[in-house]
Amino acid sequence: MDKVRVRFAPSPTGPLHIGGARSALFNYLFAKRNHGDFIVRIEDTDLERSSRASEENIKESLHWLGIDWNEGIDVGGCHAPYRQMERLNTYTEAAQRLLDTGKAYYCYCSEEEIEQERQAALARGEMPNYSGRCRHLTAAERGAKEAQGIKPVIRFHVEPGEAVHIADLVRGDVYFERDGIGDFVIVKSDGIPVYNFAVVVDDHLMEISHVLRGEEHLSNTPRQIVLYEALGWETPAFGHISLILGKDRSKMSKRNGDVSVVNYQDAGFLPEALVNFLALLGWAPEGEEEIFSMKQLEESFSLDRVSKSPAVFDMDKLKWLNGQYLHQLSSEVVAAKIAPYVDGIAQLELLADTLKNHLNTFSEVKDFLPLFQGEAALPMDEEAAEVLKEETVPQVLTLFQEKAAALEEFSAAGIKGILKAVRKETGLGGASVFMPVRVALTGTKHGPDIDKLAALMGRDILMKRLEAAMAKIK
RNA sequence: GGCGCGUUGGAGAAGCGGCUUAACUCACCAGCCUUUCACGCUGGCAUCCAGGGGUUCGAAUCCCCUACGCGUCACCA
């Protein structure tokens, strides 16, 4: 078997989105697993929407995710260049061949005409294919059109024949009738090739062995296969990965959640977690384990465990996964990572240590700030209020207050010592001491270690909140 | 509307004709652990695989029909 060569070929029309990242990842993993090459090519033939900034964003996101390529933009390779706008002559050549062999022809129809026909066909419930009107233009007729200054497009003529067969690596055999395809444009009137044409030329010239891409491309594939045939080229293997759906079960878009990977980066997600999550979206590991490093994925990824049905993007699971990775980080690292979200906090390390196991993402640190910032007592929920009704509470809080006021070294360890002393002096169990203090200070039964929270709070705030809570009991 | 793909619990999913009284993970619920909280651990959570026919000794797994969802029909990629 020939060498495995796969590619990720984004068009730089916006930031790298989740679906693209997943395609890139699957291609990358497939290449690694099969000791093949992974190529990144830029499809920038849409002049209107393409930008260098988007290309940069895509590259940065790929790097951030830990997906690198051994051939393509930036790194180069023996099939350079890797930007379609820099390979225009290649397409022109191929188009000329098609023209010469009568498999393609110039079409002078205006966009308006075609749009009209399209609408009419659609209204009749027919396939809105091009009529083929320009196919039989004589040289004289063509000359006349040219003289009028009309710039033609080049259309590929799809001849009748057997249905186009796709032996899809993930979906199995799929067939498309040829007359359902219709003569399609391969070169625009400005001389720039259209997607379906450019990919074929590039994939062939770059010796791509497997085309792994999103399911939205499935209906493009017959067009491409027909081109391979006409050009006399061998087709690569195709594999169409199911879509990633948003919560509302429609294709993931800005409407149903964050779509670009920078959004996740900014929100404080770890690249390892995102990669792990993305891999699980459409691919199922063999065992029970779900936590995989890139290295492990590279070793276990396989196409036959890629699912046919679409996957819904489950934010809860992403957060959980991210938490799994985050909890393993040292407090020092966490401190550095949360710093951007909590400017001006002195005890960063203590904060990191306190919150580490409560965070699923770094940005969540903001949600915990009120726990120890501000003098005002926090709103109390019902089950917390219940705690303060215990008759030993006044005694506990008074004692705690006295000791806190007298505490020399106001630290987590110091607070812990006080709590211990209160237990000893009152003879009460752990919960009877910890809970009232926790509730009085934070208004809830749940949260990070109360001694650390108290230290973060500082003596002033602690006293004020305690005061308020005690006043409430009476 | 045509064409194409899909449909297993709230979500990701395993399953490939008998091993399935449908793995595993998230979420949820209960309990344990913990001087508090969290982490962690243990257990519970689909009498059933969109619905209906059929094939078979036997089907979530094969075939047909219906429904629903999604994708795609550009001089966008």
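In what follows, every heavy atom counts, from backbone to side chain, and hydrogens, waters and symmetry copies are set aside. Below, read A as the first sequence line, B as the second, and so on, with proteins coming before strands; counting in each chain starts at 1.
- Aromatic ring centres of A/Phe277 and A/Phe313 lie closer together than 6.0 Å.
- B/U56 sits 13 Å from B/U61 when the C1' atoms are compared, rounded to a whole Å.
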Protein heavy-atom contacts under 4.0 Å, written 5' to 3' over nucleotides 26-40 of chain B as B (base), S (sugar-phosphate only) or - (none), form the string SS-------BBBS-S
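- Here A/Glu111 lies in heavy-atom contact (under 4.0 Å) with a base.
- Following rounding to the nearest Å, A/Arg49 (CZ) and B/C75 (P) show an atom-to-atom distance of 14 Å.
- Among residues two or more places apart in sequence or in another chain, the ring-ring contact (aromatic ring centres under 6.0 Å, His included) test is passed with A/Phe362 by none.
- Atom-to-atom, CG of A/Asp183 to P of B/C75 comes out at 12 Å; the value is rounded to the nearest Å.
- On the P atoms, B/A67 is 15 Å away from B/G52, given to the nearest whole Å.
- For the pair A/Arg305 and B/G15, the criterion of a side-chain N or O lying under 4.0 Å from OP1 or OP2 is met.
- In summary, the aromatic rings of A/Phe156 and A/Tyr105 are positioned with their centroids too far apart to meet the 6.0 Å limit.
- Each of B/C76, B/U72, B/C5 was ranked by its minimum atom distance to the side chain of A/Leu218; first place goes to B/C5.
- Between A/Lys319 atom NZ and B/G12 atom C1' the separation is 17 Å, expressed in whole Å.
- Contact annotation: the side chain of A/Leu297 approaches that of A/Trp283 to within less than 4.5 Å [non-hydrogen atoms, C-beta and beyond].
- As a whole-Å value, the separation of A/Leu16 CG from B/A77 C1' is 15 Å.
- Remark: A/Lys424 engages no residue in a salt bridge (charged side-chain N to carboxylate O under 4.0 Å, His left out) (not counting sequence neighbours).
- Checking the phosphate oxygens (OP1, OP2) of B/A77, a side-chain nitrogen or oxygen of A/Thr45 falls inside 4.0 Å.
- Nucleotide B/C73 holds its P atom 10 Å from the CD atom of A/Glu216, rounded to whole Å.
- Annotation: B/A23 and B/C45 have their P atoms spaced 10 Å apart (nearest Å).
- Residues A/Val194 and A/Glu286 each lie close to RNA chain B; by heavy-atom proximity, the contact nearer the 5' end of the strand is made by A/Glu286.
- Counting only N and O atoms by type, the side chains of A/Gln224 and A/Thr221 include no donor and acceptor under 3.5 Å apart.
- When only modelled atom types and interatomic distance are considered, A/Ser307 and A/Ser309 share a side-chain donor-acceptor pair under 3.5 Å.
- With the 3.5 Å cutoff on both pairing distances, Watson-Crick and G-U pairs in RNA chain B assemble into runs of at least 3 at B:1-7 with B:67-73, B:10-12 with B:24-26, B:28-32 with B:40-44, B:50-54 with B:62-66.
- One P atom belongs to B/G18, the other to B/G54, and the distance between them is 23 Å to the nearest Å.
- By the 30° and 60° cut-offs, the orientation of the rings of A/Tyr108 relative to A/Tyr106 is tilted.
- Counting only N and O atoms by type, the side chains of A/Thr392 and A/Gln395 include no donor and acceptor under 3.5 Å apart.
- A/Phe238 has its side chain out of reach of A/His217: every pair of non-hydrogen atoms, C-beta onward, lies at least 4.5 Å apart.
- Using atom C1' as the reference point in both B/G17 and B/A59, the two lie 6 Å apart (nearest Å).
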Just the atom pairs and distances: protein N or O near nucleotides 6-8 of chain B's N or O, under 3.5 Å.
none

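- Expressed to the nearest 0.5 Å, how far OH of A/Tyr91 lies from CG of A/Leu88 amounts to 7.0 Å.
- Projected onto RNA chain B by closest heavy-atom contact, A/Leu280 and A/Tyr175 fall at different nucleotides, the more 5' of which corresponds to A/Tyr175.
- Between the C1' atom of B/A13 and the CG atom of A/Asn276 lies a distance of 15 Å, rounded to the nearest Å.
- Within the nucleic acid shown, A/Val153 comes within 4.0 Å of at least one base atom, counting heavy atoms only.
- B/U55 sits 16 Å from B/A60 when the P atoms are compared, rounded to a whole Å.
- No side-chain heavy atom of A/Tyr264 sits under 4.5 Å from any side-chain heavy atom of A/Asn322.
- Taking the ring centre of A/Tyr130 as origin, the terminal cationic atom of A/Arg155 falls inside the region bounded by 6.0 Å and 45° from the ring axis.
- Remark: P of B/C73 and CG of A/Asp179 are 18 Å apart, rounded to the nearest angstrom.
- Counting non-hydrogen atoms under 4.0 angstrom, A/Asn129 reaches nothing in the nucleic acid.
- Spacing of P atoms, B/G71 relative to B/G15, comes out at 27 Å, to the nearest Å.
- How far CD1 of A/Ile241 is from CD of A/Glu216: 9.5 Å, rounded to the nearest 0.5 Å.
- Of the inter-residue distances, the one linking A/His446 atom NE2 with A/His358 atom NE2 reads 11.5 Å to the nearest 0.5 angstrom.
- Residue A/Gly282 is classed as a sugar-phosphate contact, given heavy-atom separations below 4.0 Å to backbone atoms only.
- A donor-acceptor pair under 3.5 Å links the side-chain atoms of A/Glu113 to the main chain of A/Ser110, judged by distance alone.
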Quick one: which protein N/O atoms are closer than 3.5 Å to N/O atoms of nucleotides 48-51 of chain B? Pair and distance per line, please.
none

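- The gap from the C1' atom of B/C33 to that of B/C16 amounts to 43 Å, rounded to the nearest Å.
- Atoms CD (A/Glu55) and C1' (B/A77) sit 15 Å apart, rounded to a whole Å.
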